[in-house]
Amino acid sequence: MNGHAIRAIYLFELARAWRTLMQSIASPVLSTSLYFVVFGAAIGSRMVAIDGVSYGAYIVPGLIMLTVLNESTSNAAFGIYMPKFTGTMYEILSAPVSSLEIVIGFVGAAATKSVILGLIILLTARIFVDYSIEHPFWMLGFLVFTCVSFSLFGFIIGVMAESFEQLQVVPMMIITPLAFLGGSFYSIQMLPPLWQTITLFNPVVYLVSGFRWSFYGVSDVGVGISLTMIVVFMLVCLGIVTWLFKTGYKIKP
Amino acid sequence: MQPIIEVQNLSKTYQSGFQALKNVDLSIRKGEIFALLGPNGAGKTTLISIICGIVNPSAGKVRADGYDIVKDYRRARQLIGLVPQELAVNIFETVWSTVTFSRGLFGKAPNRPYLEQLLKDLSLWDKKDSKIMALSGGMKRRVLIAKALAYEPKILFLDEPTAGVDVELRRDMWEMIRQLRDNGVTIILTTHYIEEAEDMADRVGVIQRGELILVEDKHDLMEKLGKKQLSLQLVEPIEQIPSALSAYSLSLSEDGMQLTYQYDHQSDQAAIARLLRSLSDEGLDYRDLHTSQSSLEDIFVSLVEEKV
Ligand SMILES: Nc1ncnc2c1ncn2[C@@H]1O[C@H](COP(=O)(O)OP(=O)(O)OP(=O)(O)O)[C@@H](O)[C@H]1O
Ligand SMILES: [Mg+2]
């Protein structure tokens, strides 16, 4: 293991976030706050409680997930796309590092940023709604797993992307629908049966459900299933990433 | 002695179907300065990129100090530093953070005094906290050199290090390269400047259309490269070269207006003076004269034509 290399990549990526601190934190916090105001306070006050949880509080885990998914994906995608775009990738490719080490460095940094952002949003939510966290340890666990999985997913997009447009459009076209249809704002039990079945192919459902369970002890799907699905998703992404680097697909001519 | 770099039967066909390297065999000796020459598009960068792990080879093997660059990539790459042809640096970073990044990436523990000395040697110390975007092109190139030296490689590839670099900086650069060689670093570089190859290299390789057409000791190559010529524009045309001048290797142009004298670096300097005296003895007047030296490109082209 080239620990120095992992550290170098990780710190470099975090430094990049630090340089762009305002964009990295302010804009997601602002947009999530708007969601809280509109859905939580304005609309939520007219909604009935779901599973015994007030609507405002019910959407907190979902909204955190929504932001964290977007940020993990786009951060990681951008992180690996930039060296490809500027040509600085030559150095990483010529370095005595394994694909796994490169992935740990880049994805670790992107996931770290998202976890921190998720926690900041969690604190921000406190201003608008009252919520409780029943299983704080699991809450953190689900958050970390989600950030890592979707940073891996973003990493794949960054490796494959051939333009800045693709870099932005692909996450938006994939993550946003998955997150909205993943039960961020509702329980999937509220959907017609057919849609409930279709939804089960959406990995975000398991994330949101598991995450919500760690807050309120209620979930759409079993917690065990949630965890398993997240791990499976993560391993699949990891496998793809490792393969991409091994073959040099879209990275090495 | 085992070569420090051993390239065997290396070929590269890009995805476009273009074959950039054809069965290249090359051995680089430990501690030498090797100049890889060739016209644009010959395959120099491709060869270097494969050795450094940036481009996948299509066929063939490369070993660095005995380590296979694919199977034993960790140990092989640890030895190799690369200064790329393109100015690829992250412009938002500072000089200091980019060199510490390079050192870490290559698995070396931090060493502040070493990096400090390195930046001082490259006259970058006063810029260490500047963002790279605030540096000039020549400075950026020095940053790339600093990045490659930050991890103390035993083998250094320099892909056109002096392209777009001013005279003074170029001289400093060569001085630094000599010092590196004295410290035991093997250096492989590409350049389009003949004087550089003449000045610095121990051996020279010429690559043309993906084929390594020549690898020679510099001194041997100098004999080939050293051709110079003196052209004299005559006032009156002549039919043929006067027999009194037959001792000189002269040629006459078709219109009889121009005499050309071939000589080389090694020929004795007084020969030209003697030739000019003999000309006036023969009553041949000339209105203009100039000397020229075959450019590296000329020589390559003629070399390739010979080979075809
Ligand atoms: N990624 C690529 N895909 C397809 N063809 C390529 C690629 N990279 C290089 N080539 C082609 O391979 C040939 C060799 O290119 P290379 O960059 O190795 O030349 P070079 O000798 O370094 O030239 P120069 O002196 O201009 O730097 C060129 O014809 C080039 O167009
Ligand atoms: Mg080149």
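Residue numbers begin at 1 in each chain, while the letters A, B, ... track the order of the sequences.
- Annotation for B:Y114: atom OH counts as buried by contact number, over 12 foreign heavy atoms lying within 6.0 Å.
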May I have the step-by-step check of salt bridge (Lys or Arg N to Asp or Glu O under 4.0 Å) for A:E91 and B:K147, ending in yes or no?
CA-CA 9 Å; A:E91 195 177 26; B:K147 278 168 76 72; 2.9 Å; yes
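- Residue-environment remark: NZ (B:K140) exceeds the threshold of 12 foreign heavy atoms within 6.0 Å.
- Ranked by heavy-atom pairs under 4.5 Å with chain B, the first of A:I9, A:T247, A:L11 is A:I9.
- Interface summary for chain A: among B:I91, B:L144, B:N90, B:I80, the most heavy-atom pairs under 4.5 angstrom belong to B:N90.
- Interface residue B:S102: backbone and side-chain heavy atoms are both found under 4.5 Å from chain A.
- Using non-hydrogen atoms only and a strict 4.5 Å limit, no part of residues 65-80 of chain A faces chain B.
- Contacts of B:K128 classified as salt bridge (charged side-chain N to carboxylate O under 4.0 Å, His left out), with partners at least two apart in sequence or in another chain: none.
- The contact between B:K12 and chain A is made entirely by side chain atoms (from C-beta outward), counting heavy-atom distances below 4.5 Å.
- The salt bridge (charged side-chain N to carboxylate O under 4.0 Å, His left out) search around B:R141 returns none, not counting sequence neighbours.
- Salt bridge B:E152/B:K108: absent, no basic N to carboxylate O contact under 4.0 Å.
- If you measure heavy-atom distances from B:F106 to chain A, the contacts under 4.5 Å come from both the backbone and the side chain.
- More than 12 heavy atoms of other residues, nucleotides or ligands sit less than 6.0 Å from atom NZ of B:K120.
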What donor-acceptor contacts under 3.5 angstrom involve side-chain atoms of residues 135-162 of chain A, with partners at least two apart or in another chain?
{"unit_1": "A:T146", "atom_1": "OG1", "unit_2": "A:F142", "atom_2": "O", "d": "2.6"}
{"unit_1": "A:S149", "atom_1": "OG", "unit_2": "A:F145", "atom_2": "O", "d": "2.7"}
{"unit_1": "A:S151", "atom_1": "OG", "unit_2": "A:A111", "atom_2": "N", "d": "3.4"}
{"unit_1": "A:S151", "atom_1": "OG", "unit_2": "A:C147", "atom_2": "O", "d": "2.7"}
{"unit_1": "A:E162", "atom_1": "OE2", "unit_2": "A:K250", "atom_2": "NZ", "d": "2.7"}

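- For the residue pair B:T45 / B:D159, a side-chain donor-acceptor distance below 3.5 Å is found, with atom types taken as modelled.
- No more than 12 heavy atoms of other residues, nucleotides or ligands lie within 6.0 Å of CZ in A:R7, so this atom counts as exposed by the packing criterion.
- Comparing A:A15, A:G87, A:S94, A:G105 by how many heavy-atom pairs each has under 4.5 Å with chain B, the most go to A:S94.
- For B:E86, no part lies under 4.5 angstrom from a heavy atom of chain A.
- Using a 4.5 Å cut-off between heavy atoms, B:A148 makes no contact with chain A at all.
- Comparing A:A95, A:S98, A:P83, A:A5 by how many heavy-atom pairs each has under 4.5 Å with chain B, the most go to A:A95.
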Can B:Q117 and B:D121 be said to form a side-chain hydrogen bond (donor to acceptor under 3.5 Å, both in side chains), step by step?
CA-CA 6 Å; B:Q117 191 54 48; B:D121 290 346; 3.0 Å; yes
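- Contact annotation for A:I102: neither backbone nor side-chain heavy atoms come within less than 4.5 Å of a heavy atom of chain B.
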